[in-house]
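Notes follow the structure.
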Amino acid sequence: MRIIPTRPTATTAATAALLVAGALLTTPGAAQAATPRTAPPRVSASAGDAAPGQAAPGHGVEWFQARHGLPRTGTIDRATARALERAPDVEVRQTFRTAADLGPEELANARTVIGVGKGAGIPEQGQVIALMTAMQESKFVNYLVPVDHDSLGVFQQRPSMGWGTPEQITDVPTSSRSFYGVAPFGSNPGLIQIDGWQTMPPGDVCQAVQVSAFPDRYAQWEQFARALLAQESPTVPPIP
């Protein structure tokens with residue numbers, strides 16, 4: 001007698017599928033083999049991440065530019081500089097928290113300010129004051145074209161106020177010497193011409209040299225400047 005096989009019904013097919021699934025779940029490693037592994041999602045560093053004892057980096061220039069509807073170039077152009085000038089201090093501090101938030105050119109300018117201070121025999125406290133000033137004035141951008149009045153360079157010194165020629169002011173070593181008070185030209189008192197600067201609050205010394213319309217803004221960069229000096233000074237040679 002010939003036996004004709006019957007076609008499995010939908011019920012029997014579903015039952016078979018359940019049995020196979022059950023076998024996979026109860027067999028060690030089978031379920032994992034059936035599902036392709038994927039790499040865990042990458043977690044990018046945020047402004048809140050930092051090693052113990054170190055300041056967290058800021059959000060950066062691109063973040064600031066995005067907030068203000070500017071092209072996200074990551075560099076401080078004239079439009080970004082004007083926006084930074086108008087931004088509240090708390091937002092600027094969110095943008096810049098450590099030396100890591102400075103671009104390579106800006107960090108090189110900061111190292112020049114340190115090197116000139118070393119070459120002139122300026123104590124570390126004076127170098128901190130110079131770094132505070134340049135950070136507030138320009139974020140270490142060497143402006144060749146004025147942003148405010150005729151202010152130029154990393155210290156935003158003005159030719160019309162006796163700080164030298166535009167060429168002198170936009171040369172970072174030369175403008176640093178002017179700020180420290182060791183340049184052989186200019187009619188303004190520099191750092192070492194301020195009586196008692198060594199014992200004055202650093203922000204007050206910045207203001208005594210710069211005579212800014214915003215005298216209270218320098219002090220906010222003291223810890224930034226101290227950390228920057230501690231990080232970069234060991235590898236910066238004196239600049240005579």
Side-chain angles (χ1 to χ4, degrees), residues 44-51 53-110 113 125 127-158 161 163 169 172 175 179 191 200-232:
S44 60
S46 67
D49 296 334
Q54 294 182 351
H59 293 294
V61 175
E62 287 191 30
W63 171 84
F64 179 87
Q65 290 169 328
R67 284 174 62 88
H68 291 266
L70 299 169
R72 297 180 63 173
T73 62
T75 60
I76 304 178
D77 50 25
R78 286 173 61 84
T80 304
R82 292 188 185 281
L84 283 167
E85 189 177 346
R86 294 190 299 265
D89 288 344
V90 64
E91 184 181 14
V92 178
R93 290 195 301 270
Q94 287 176 329
T95 305
F96 301 97
R97 286 194 180 129
T98 72
D101 301 312
L102 298 174
E105 290 185 15
E106 290 71 44
L107 185 58
N109 290 336
V113 173
Q125 179 74 349
Q127 296 174 40
V128 166
I129 291 167
L131 293 173
M132 289 170 61
T133 302
M135 187 62 192
Q136 171 58 36
E137 294 290 353
S138 69
K139 310 304 178 289
F140 296 102
V141 175
N142 187 27
Y143 286 103
L144 306 180
V145 177
V147 174
D148 178 40
H149 299 290
D150 59 339
S151 299
L152 296 166
V154 297
F155 290 100
Q156 289 291 280
Q157 297 162 336
R158 299 179 62 182
M161 300 300 290
W163 284 106
I169 292 172
V172 179
S175 64
F179 179 85
L191 173 78
M200 291 169 59
D204 291 353
V205 184
C206 299
Q207 173 62 10
V209 177
Q210 297 291 106
V211 193
S212 169
F214 305 99
D216 298 330
R217 289 187 172 179
Y218 297 108
Q220 66 184 325
W221 299 112
E222 181 175 354
Q223 292 309 311
F224 181 100
R226 292 193 185 282
L228 175 59
L229 183 66
Q231 174 181 304
E232 298 299 323

Minimal non-hydrogen separation, F179 against T133, with atom names: CZ-OG1, 3.4 Å
Polar contact flag, side-chain donor to acceptor under 3.5 angstrom, Q223-R97: no
Euclidean distance, T75 OG1 relative to E62 CD, rounded to 0.5 Å: 9.0 Å
Closest approach of I129 to P202 (non-hydrogen atoms, all atoms of both residues): CG1-CB, 3.9 Å
For T80, all residues meeting side-chain contact (heavy atoms from CB on, under 4.5 Å), sequence neighbours excluded: V61, F64, Q65, L70, I76, D77, L84
All ring pair (Phe, Tyr, Trp, His ring centres under 6.0 Å) counterparts of F96, not counting sequence neighbours: none
Main-chain N/O of V113 paired with Q127 side-chain donor or acceptor, under 3.5 Å: no
For N109, the option from V141, V172, L102 that meets side-chain contact (heavy atoms from CB on, under 4.5 Å): V172
Residues in side chain to side chain donor-acceptor pair (under 3.5 Å) contact with E91, at least two apart in sequence or another chain: R67, H68
Over all atoms of both residues, closest heavy-atom pair of M132 and A219: CE-CA, 3.9 Å
Residues which pass salt bridge (Lys or Arg N to Asp or Glu O under 4.0 Å) with D204, listed by chain and number, not counting sequence neighbours: none
L191 vs V205 side-chain heavy atoms within contact, under 4.5 Å: yes
Flag, side chain of E137 to backbone of Q157, donor-acceptor distance under 3.5 Å: no
Intermediate values then yes/no, side-chain hydrogen bond (donor to acceptor under 3.5 Å, both in side chains), Q220 and Q136: CA-CA 9 Å; Q220 66 184 325; Q136 171 58 36; 3.2 Å; yes
With R82 via side-chain contact (heavy atoms from CB on, under 4.5 Å) - residues at least two apart: R78, R86, V147
Exercise: identify the closest heavy-atom pair between C206 and Y218: CB-CG, 3.4 Å
Any side-chain heavy-atom pair of Q125 and R226 under 4.5 Å: yes
A99 to L228 - nearest heavy-atom pair and separation: CB-CD1, 3.6 Å
Pairs involving residues 139-149, ordered by first then second residue, that meet side chain to side chain donor-acceptor pair (under 3.5 Å) (sequence neighbours left out): none
Nearest heavy-atom neighbours spanning L131 and F140: O-CZ, 3.5 Å
Student check: side-chain heavy atoms of Q94 and W63 closer than 4.5 Å: yes
D216 CG to D89 CG distance, which is reported to the nearest 0.5 Å: 9.5 Å
